[in-house]
Structures are given as C-alpha cells and as structure tokens.
Amino acid sequence: MAEQNGRGIFITLEGVDGCGKSTKGRYLAEELTAAGREVVSLRDPGSTEISERIRAILLDPEVEGMVHECELMLFEAARAQLTREVIMPALERGAVVVCDRYCDSTFAYQAAGRGLSEQLVRDANAMGSCGLAPDRTIVFDLEVDESFERATRHGTDRMELDGEPFQQRVREGFLRLAAEEPERVRVVNAHGEKLEVYARMRAELIDLFPELGEEAV
Ligand code: TMP
C-alpha cells in the first residue's frame with residue numbers, strides 16, 4: 001500500500017458530468033487538512049499552466065471538428081504534464097493527492113463514449129499517467145437525466161455537446177471499470193444530500209485514512 005512505500009496517497013474522483021464529485025472532493029480535502037495531512041487538490045485536465053491551456057482547447061464549445069484521436073492525445077498530454085510536474089512530487093513528499101478525474105475518465109469518455117478501441121485507450125493511458133495508478137478511485141453514480149441537467153444548467157462545454165446518449169455510454173463505462181477492479185474502484189450512489197453522499201464516499205476511503213475516525217465531523 002502507498003503509505004508502506006513511503007509515499008503519499010493518490011485518490012481520484014470520477015463520474016459523468018454533473019455527478020457532484022468536486023464538492024465532495026473539497027469536503028475530503030478540508031477534513032484531511034484538519035486532521036493534519038498535506039492535501040493537494042487537482043483537476044485533470046488542468047492544474048498546471050500547460051495542462052490548463054490544453055484544457056481550454058478541449059472544453060471550448062467553439063472548437064469544432066476535433067477528431068477522436070486528437071482529443072485522446074490532448075487529454076493524455078495534459079495528464080502527463082500534471083503527473084510529472086505536480087502529482088509525483090506531491091506523492092514523494094507524502095502528501096494526499098485528490099484529483100478530480102484521471103485515466104478512468106479517458107476509458108469512460110474516449111473508449112466507451114466516443115468508441116475508440118479500448119486497447120488503444122489503455123495504451124494511451126499508460127503513457128499519459130507515466131505509469132502512475134490511483135490508490136483508490138470513487139465513481140459517483142447518478143442517472144444521466146439528473147446529472148446532465150445539473151451539468152448543463154450554466155452552459156454546455158465541448159464534451160457535453162453530444163448529449164444524454166453519450167453520457168449514458170460514459171456512465172456504463174465507469175460501472176464496467178468498477179466491476180473489473182473492485183478493490184481500487186468504488187461506486188458511490190450520488191443521489192441525495194451532499195453530506196449524505198459525502199458520508200458514503202468517506203466510508204469507501206476510511207481504511208486508507210484511519211486518522212479520520214468512523215464519523216464525519
Ligand atoms: P470536468 O468538467 O469534470 O473537469 O471535466 C472535463 C470534461 O472532460 C468532462 O466532460 C470529462 C471530459 N474528460 C474526457 O473526456 N476524458 C478525460 O480523460 C478526462 C480527464 C476528462
């Protein structure tokens with residue numbers, strides 16, 4: 001396990017657009033910080049100057065005609081920069097890294113959603129992650145009609161332009177990953193009040209953070 005290797009802990013948060021993962025990531029970071037941990041909160045794509053610039057291209061709804069292979073490689077390029085520039089050094093220091101999305105999103109969106117070959121996407125992920133894998137991944141699961149309404153309430157980014165059938169394939173992609181790797185990838189029911197959902201997420205992480213105790217504060 002991560003701690004025994006003398007490094008930090010790498011947590012990733014996943015799910016369809018509008019699943020509520022970012023709010024719960026903030027709650028976790030606050031709680032771990034209060035418990036004395038160094039927490040580094042990140043988003044993928046993003047969180048470095050280069051990766052944020054790539055993100056802007058990827059999400060700009062005015063960018064038209066991007067082919068799936070280009071999209072895949074831009075996500076991986078942003079991730080490689082984030083991984084080597086920020087995530088690896090943070091884990092070396094012993095920090096907890098909480099990252100909003102990572103390679104599992106690429107599997108769900110570019111393979112299950114866009115239809116690129118799964119093997120191609122797995123190989124691309126190996127490069128983009130520089131071989132790093134999360135210690136634990138939370139998939140926030142929600143019916144797509146609910147999550148998509150939430151996601152697009154204040155505007156639609158380029159990835160959301162394909163609408164609900166695309167999001168449905170993405171959701172199924174995440175659930176398939178969880179079935180393949182049940183120890184690492186935990187599905188959390190994302191219905192209900194924020195704190196209720198946070199408590200469910202917390203229960204899936206508590207073995208990694210014994211200092212948190214059983215009850216949320
Ligand atoms: P966010 O708004 O949750 O930060 O995510 C950005 C969008 O990019 C979201 O629609 C998911 C999508 N995405 C992919 O299609 N592939 C990826 O590898 C990642 C990380 C995100």
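Remember, it's 1-based here, ligands and their atoms both numbered in the order they're listed. Below, each value reflects all heavy atoms present in this structure, side chains not excepted, and no hydrogens, waters or symmetry copies.
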Asks: Nearest non-hydrogen contact with atom 7 (C) of ligand 1 belongs to which option: L59, V16, D104, D100?
Replies: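 Closest candidate by heavy-atom distance is L59.
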Asks: Give me the residue, atom name and distance of the protein heavy atom closest to atom 16 (N) of ligand 1.
Replies: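 Of every protein heavy atom, Q110 OE1, 2.8 Å lies nearest to atom 16 (N) of ligand 1.
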Asks: Which protein non-hydrogen atom lies closest to atom 21 (C) of ligand 1, naming both residue and atom, and how far is it?
Replies: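 Residue, atom and distance for the closest contact: F75 CE2, 3.3 Å.
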Asks: Check whether more than 12 heavy atoms from other residues, nucleotides or ligands sit under 6.0 Å from atom CE of M127, and answer yes or no.
Replies: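 Counting neighbours around CE of M127, 12 or fewer heavy atoms of other residues, nucleotides or ligands fall under 6.0 Å, so no.
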Asks: Over all heavy atoms of both residues, which pair between L142 and R171 is shortest? Give the atoms and the distance, please.
Replies: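 It is O-NE, 3.4 Å.
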Asks: Is it the side chain (CB and beyond), the backbone, both or neither of R43 that lies under 4.0 Å from ligand 1, heavy atoms counted?
Replies: neither
Asks: Should the proximity of E160 to ligand 1, defined as any heavy atom under 4.0 Å, be assigned to the side chain, the backbone, both, or neither?
Replies: neither
Asks: Report yes or no: is the cationic atom of R114 (NZ for Lys, CZ for Arg) under 6.0 Å from the centre of the six-membered ring of F166, at an angle within 45° of the ring normal?
Replies: yes
Asks: Quick check: R101 and ligand 1, any N/O pair under 3.5 Å apart?
Replies: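 N/O-N/O distance under 3.5 Å: yes.
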Asks: With atoms numbered from 1 as shown, which atoms in ligand 1 lie under 4.0 angstrom from a non-hydrogen atom of P45?
Replies: 20 (C)
Asks: Is there a continuous path of hydrophobic side-chain contacts, each under 4.5 Å between heavy atoms, that joins M73 to F107?
Replies: no
Asks: Is S47 reaching over with its side chain to a backbone N or O of L42, donor-acceptor style, under 3.5 angstrom?
Replies: no
Asks: Do other residues, nucleotides or ligands put more than 12 heavy atoms under 6.0 Å from E64 CD?
Replies: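 No - once you tally the heavy atoms of other residues, nucleotides and ligands closer than 6.0 Å, there are 12 at most.
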Asks: Quick check: does D17 get an N/O under 3.5 Å from an N/O on ligand 1?
Replies: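 D17 vs ligand 1: N/O contact under 3.5 Å present.
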Asks: Is it the side chain, the backbone, both or neither of R55 that has a heavy atom closer than 4.0 Å to ligand 1?
Replies: side chain
Asks: For K21, is at least one N or O under 3.5 Å away from an N or O on ligand 1?
Replies: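 K21 vs ligand 1: N/O contact under 3.5 Å present.
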Asks: Taking the non-hydrogen atoms of E76, is any one of them nearer than 4.0 angstrom to ligand 1?
Replies: no
Asks: Is the shortest side-chain heavy-atom distance between E14 and F140 below 4.5 Å?
Replies: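 SC-SC contact between E14 and F140 ruled out.
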Asks: Report the part of T106 in contact with ligand 1, treating N, CA, C, O as backbone and CB onward as side chain, heavy atoms under 4.0 Å; options are side chain, backbone, both, neither.
Replies: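 It is both parts that get close, each with some atom under 4.0 Å.
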Asks: Should the heavy atoms of other residues, nucleotides or ligands under 6.0 Å from CZ of R53 be counted, would the total exceed 12?
Replies: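 Atom CZ in R53 is not crowded, with 12 or fewer foreign heavy atoms closer than 6.0 Å.
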